[in-house]
Amino acid sequence: MVGYDKIFENNRKWLAEKKAQDVDFLAKLSADQQPDYLYIGCSDSRVPESDIMGLEPGEIFVHRNVANLVVSIDMNVMSVINYAVTALGVKHIIVCGHYNCGGVKAAMIPKDMGILNPWLRNIRDVYRLHQDELDSIADEHARYNRLVELNVQEQCINVIKTAAVQQAYEDHHYPTVHGWVFDLKTGLLKDLKIDFEGILKNIQKIYDLTGNNKLR
Ligand code: CO
């Protein structure tokens, strides 16, 4: 663990290394950002998104919260998605969960968690949506891992439900939405390969916000 007093020293070392690798580092850092990726992940300290993706400053726009949730009345995540899509024009939106997620674990335990109840409710709702599949998994750890994956899938669907994403995709065929899980035991990212086009088509039967719905 790095002590608090070491952090500013580390910062100066980091800067020196970056400048040694690229003389234009600071000029690039202070220029306007044009990231291709929006990453929505868990707040967990063990999932440092830029490091595991090998990306540099300026390449990824980031939102993190407990258990990587995309909730339609959360002004924070909705503002991030809207800005990333309409102002930055990101090409890809990634929802990344991780195995051993404390938020998902807490949601599997039927217990009053105080202020966390309304937040965890979103994950309990994912369990309810997929109860038949989850209850058929006898091994508790395997069930927990599967809920992590299904939570990512449902949060991808929540991203696709937004007007910003639907309208942008209709206008210029991006962004596309991806669901990933980071495995803390192997250090590897797993692409869940969600069917973006299929999900979009399916949810637009109910959630079409492009303004082109013939029924209206
Ligand atoms: Co987590």
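Just so you know, ligand 1 is whichever comes first in the structure, and atom 1 is the first atom listed for that ligand. FYI, side chains are in, hydrogens and waters are out, and symmetry mates aren't considered; it's all heavy atoms of this structure. Numbering of residues begins at 1 and proceeds along the displayed sequence. Everything quoted here is computed from the prediction, not taken from an experiment.
- Looking only at protein N/O/S atoms, the ones less than 2.8 Å from the Co ion (ligand 1) make 3 in total.
- Residues K161 and N158 have side chains that bring a donor and an acceptor to within less than 3.5 angstrom of each other.
- Counting heavy atoms from C-beta on, the side chains of L29 and K18 never come closer than 4.5 Å.
- Judged by a 6.0 Å distance limit and a 45° cone about the ring axis, K19 is not positioned over the six-membered ring of F25.
- The six-membered or imidazole ring of F196 lies near that of Y169, with a centre-to-centre distance under 6.0 Å.
- A tilted orientation is assigned to the rings of W180 and H178, their planes being inclined by 30° to 60°.
- Residues passing the salt bridge (charged side-chain N to carboxylate O under 4.0 Å, His left out) test with R121, sequence neighbours excluded: none.
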